[in-house]
Amino acid sequence: MNTRWIAPLMLLTLVATAQASPFAKGDAATGKKLFDQHKCNSCHASKLGGDGNAMFTRADRKIQSPASLATQITRCSISLGLDLFPEDEENIGAFLNSNFYKFK
């Protein structure tokens, strides 16, 4: 067997089995509409005393992974009684990730 093909084949295998980007099934534009419709930024602004987007951009932000972002979206939905469907949460996650978090 020609060993020069082993490394490229291993790399191809790793790429093929790589995990999809977070919130890959979500639509950021729909997520933005839901985010605005449910006045998420107003709630964040009331907690921070100012710009609600600071929730996502502050140096000490609590969300450090796609999983923790998804959990927080669900937590907000439940605590505020929004009754979001899983696909709604996925869309909001896609919006937040594409605009603020940039998780890969």
Side-chain angles (χ1 to χ4, degrees):
M1 178 177 195
N2 189 341
T3 57
R4 72 178 208 183
W5 291 103
I6 292 176
L9 284 175
M10 288 176 66
L11 182 61
L12 184 60
T13 301
L14 286 173
V15 170
T17 59
Q19 192 175 19
S21 62
F23 311 104
K25 294 180 182 177
D27 177 70
T30 302
K32 167 82 168 115
K33 289 177 186 172
L34 289 164
F35 187 83
D36 292 343
Q37 173 187 339
H38 293 292
K39 298 179 173 67
C40 299
N41 224 15
S42 296
C43 182
H44 296 165
S46 71
K47 292 183 181 298
L48 295 174
D51 178 16
N53 287 338
M55 179 79 68
F56 313 117
T57 58
R58 63 188 181 182
D60 66 339
R61 70 181 183 195
K62 295 176 183 176
I63 305 302
Q64 299 294 322
S65 70
S68 63
L69 177 56
T71 299
Q72 185 59 49
I73 293 167
T74 300
R75 198 175 290 135
C76 288
S77 175
I78 291 168
S79 68
L80 298 173
L82 301 179
D83 296 324
L84 295 174
F85 292 105
E87 54 271 17
D88 294 335
E89 293 181 8
E90 182 86 7
N91 291 332
I92 292 171
F95 162 66
L96 294 175
N97 192 50
S98 68
N99 286 278
F100 300 104
Y101 292 99
K102 313 292 186 197
F103 296 126
K104 300 200 189 266

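Computed over heavy atoms, backbone and side chain alike; hydrogens, waters and symmetry mates excluded. Please read all numbers here as calculations on a predicted model, not as lab measurements.
Closest heavy-atom contact between P66 and P22: CB-CB, 3.5 Å. Taking all atoms of both residues into account, the shortest heavy-atom contact from F103 to N97 is N-OD1, 2.7 Å. Closest non-hydrogen pair, G50 versus A45, comes out as O-CB, 2.8 Å.
Distance check, rounded to the nearest 0.5 Å: CG of D27 to NZ of K32 gives 13.5 Å. To the nearest 0.5 Å, the span separating CD on E89 from CG on L82 amounts to 9.0 Å. Within the model, atoms OG1 of T71 and NZ of K62 stand 14.0 Å from one another, a figure rounded to the nearest 0.5 Å. Atom-to-atom distance recorded for Q72:CD and M55:CE is 8.0 Å, nearest 0.5 angstrom.
The closest side-chain heavy-atom distance from L84 to H38 is below 4.5 Å. Taking 4.5 Å as the limit, some side-chain heavy atom of L96 sits within range of a side-chain heavy atom of I73.
For K102, the NZ atom is densely surrounded, since the number of other residues' heavy atoms within 6.0 Å is greater than 12.
Considering only residues two or more places apart in sequence or on other chains, F85 meets the side chain to side chain contact (heavy atoms under 4.5 Å, CB included) condition with E87, D88. Remark: N53 pairs with N41 by the side chain to side chain donor-acceptor pair (under 3.5 Å) rule, at least two apart or across chains. For F23, there are no ring pair (Phe, Tyr, Trp, His ring centres under 6.0 Å) partners two or more places apart in sequence or in a different chain.
L48 is connected to I63 through a chain of hydrophobic side-chain contacts under 4.5 Å among Ile, Leu, Val, Met, Phe, Trp and Tyr, so both are in one cluster.
The aromatic rings of F95 and F35 lie tilted to each other, with the angle between the two planes from 30° to 60°.
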